[in-house]
Amino acid sequence: MDLILGLITGFLFGFFLQKGQILRYEKQLGFLRLKDMTLIKFMFSAIITGMVGIYFFKDLGLIKLSLKGTLIFAQVAGGILFGVGWALFGYCPGTAIGALGEGRLHAVWGVLGMLFGAAVYAEVYPAFKDNILKYGDLGKITLPEIIGINHWILILVIIVLVMLFFKYVEKKQL
């Protein structure tokens with residue numbers, strides 16, 4: 001059942017990526033050049049929907065959070081690598097797969113690069129997992145726990161900030 005739900009939500013997410021034109025190279029490049037905020041508006045909408053949904057179902061006791069450890073060095077290094085790859089290729093991993101699914105054959109090179117990078121990482125991971133990747137290990141924590149406030153207060157603050165951001169980018173016609 002979990003696989004079927006994953007397939008359905010993945011299909012819907014891909015549908016909305018395509019419908020919002022997020023899979024278009026021009027939208028990706030426009031965002032990277034800070035000239036088109038369609039992508040960030042889509043991402044913020046998905047993040048807010050996810051935050052509300054996850055904590056709603058968690059508070060009802062229908063799901064349990066399964067947190068990964070917060071490893072500052074690994075996450076910063078991964079973020080930099082992700083950003084550099086996105087800037088060079090013009091697609092993030094998800095939109096690259098979606099673009100390929102739309103028949104944009106130029107995306108195949110980036111997808112092959114991602115697969116190659118994943119294979120290299122799989123090979124070097126055993127050597128890194130107990131030393132380099134452990135720098136800045138903060139354990140399994142959430143932002144509400146760090147700040148020491150109820151998660152709904154933080155979610156409300158984030159929603160207000162995102163709505164102000166949306167208003168700003170609409171006013172600037174980005």
Side-chain angles (χ1 to χ4, degrees), residues 6 9-10 13-14 16-17 20 22-55 58 63-101 104-149 151 154-155 157-159 161-162 165-166 169 174:
T9 56
F13 189 65
F16 288 121
L17 282 174
I22 303 302
L23 303 176
R24 298 195 172 278
Y25 178 76
E26 302 80 31
K27 291 288 183 184
Q28 298 284 319
L29 191 59
F31 168 68
L32 292 171
R33 296 178 66 215
L34 302 177
K35 294 187 181 278
D36 184 344
M37 293 293 129
T38 304
L39 180 63
I40 197 75
K41 289 188 283 187
F42 184 91
M43 288 170 42
F44 279 161
S45 298
I47 290 167
I48 288 173
T49 303
M51 280 191 311
V52 170
I54 287 169
Y55 276 104
K58 177 188 173 292
I63 64 169
K64 247 179 124 174
L65 292 182
S66 178
L67 303 174
K68 299 284 184 192
T70 301
L71 306 166
I72 298 297
F73 176 78
Q75 290 165 337
V76 168
I80 290 169
L81 186 60
F82 179 93
V84 168
W86 191 1
L88 290 174
F89 178 44
Y91 287 111
C92 71
T95 56
I97 299 296
L100 192 58
R104 300 176 193 279
L105 295 180
H106 62 272
V108 75
W109 300 108
V111 172
L112 290 173
M114 288 185 280
L115 292 172
F116 176 75
V120 169
Y121 181 75
E123 288 299 317
V124 300
Y125 178 77
F128 288 174
K129 74 177 182 175
D130 292 326
N131 47 49
I132 294 173
L133 295 180
K134 292 291 183 185
Y135 294 149
D137 186 352
L138 301 180
K140 296 181 177 189
I141 56 171
T142 64
L143 191 54
E145 291 171 347
I146 292 171
I147 299 171
I149 61 171
H151 52 265
L154 181 60
I155 289 170
V157 168
I158 290 171
I159 290 172
L161 291 173
V162 167
F165 173 77
F166 284 177
V169 296
L174 295 173

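Every heavy atom of this structure was used, including side-chain atoms; hydrogens, water molecules and symmetry mates were not. Bear in mind that the values here come from a model prediction, so they are computed numbers and not experimental data.
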Using only atom types and a distance under 3.5 Å, with no angle test, would you say the side chain of Ser45 pairs donor to acceptor with the backbone of Lys41? yes
If you look at every heavy atom in Phe13 and Ala46, which pair is closest and at what distance? CE1-CB, 4.5 Å
With no hydrogens and no angle check, is any side-chain donor or acceptor of Gln28 less than 3.5 Å from a backbone partner on Leu23? no
Flag side-chain contact, heavy atom, 4.5 Å: Ile54 against Ile63: yes
Determine, stepwise, if the pair Ile141 / Leu67 fulfils side-chain contact (heavy atoms from CB on, under 4.5 Å). CA-CA 7 Å; Ile141 56 171; Leu67 303 174; over 6 Å; no
Between the main-chain N or O of Val120 and the side-chain N or O of Glu123, is there a donor-acceptor pair closer than 3.5 Å? no
Between Ala107 and Ala96 the two heavy atoms that sit nearest each other are CB-O, 3.7 Å
Interatomic spacing from OH in Tyr121 to CG in Leu81 - rounded to 0.5 Å: 10.5 Å
side-chain contact (heavy atoms from CB on, under 4.5 Å) evaluation trace for Asp36 with Leu174: CA-CA 5 Å; Asp36 184 344; Leu174 295 173; over 6 Å; no
Can you say whether the rings of Tyr135 and Phe73 are parallel (under 30°), tilted (30 to 60°) or perpendicular (over 60°)? perpendicular
dist Lys58:NZ -> Leu65:CG (nearest 0.5 Å) comes out at 5.5 Å
Centres of the Tyr91 and His106 rings: under 6.0 Å? yes
Do Met43 and Leu39 have side-chain heavy atoms sitting under 4.5 Å apart? yes
Minimum heavy-atom distance Gly90-Tyr25, with the two atoms named: CA-CE1, 3.8 Å
Test side-chain contact (heavy atoms from CB on, under 4.5 Å) on Phe16 and Ile22 and set out the steps. CA-CA 8 Å; Phe16 288 121; Ile22 303 302; over 6 Å; no
The test is side-chain contact (heavy atoms from CB on, under 4.5 Å); show your working for Thr70 and Gln75 and say whether it passes. CA-CA 8 Å; Thr70 301; Gln75 290 165 337; 3.5 Å; yes
Parallel, tilted or perpendicular: ring planes of Phe44 versus Phe166, cut at 30 and 60 degrees: tilted
Aromatic centroids of Phe31 and Trp86 separated by under 6.0 Å: yes
Between CG on residue Leu154 and CD1 on residue Ile146, distance to nearest 0.5 Å: 10.5 Å
Please report the interatomic distance CZ(Arg24) to OG1(Thr38), rounded to the nearest 0.5 Å. 12.0 Å
Validation row: Ile155, Met51 side chains within 4.5 angstrom (heavy atoms): yes
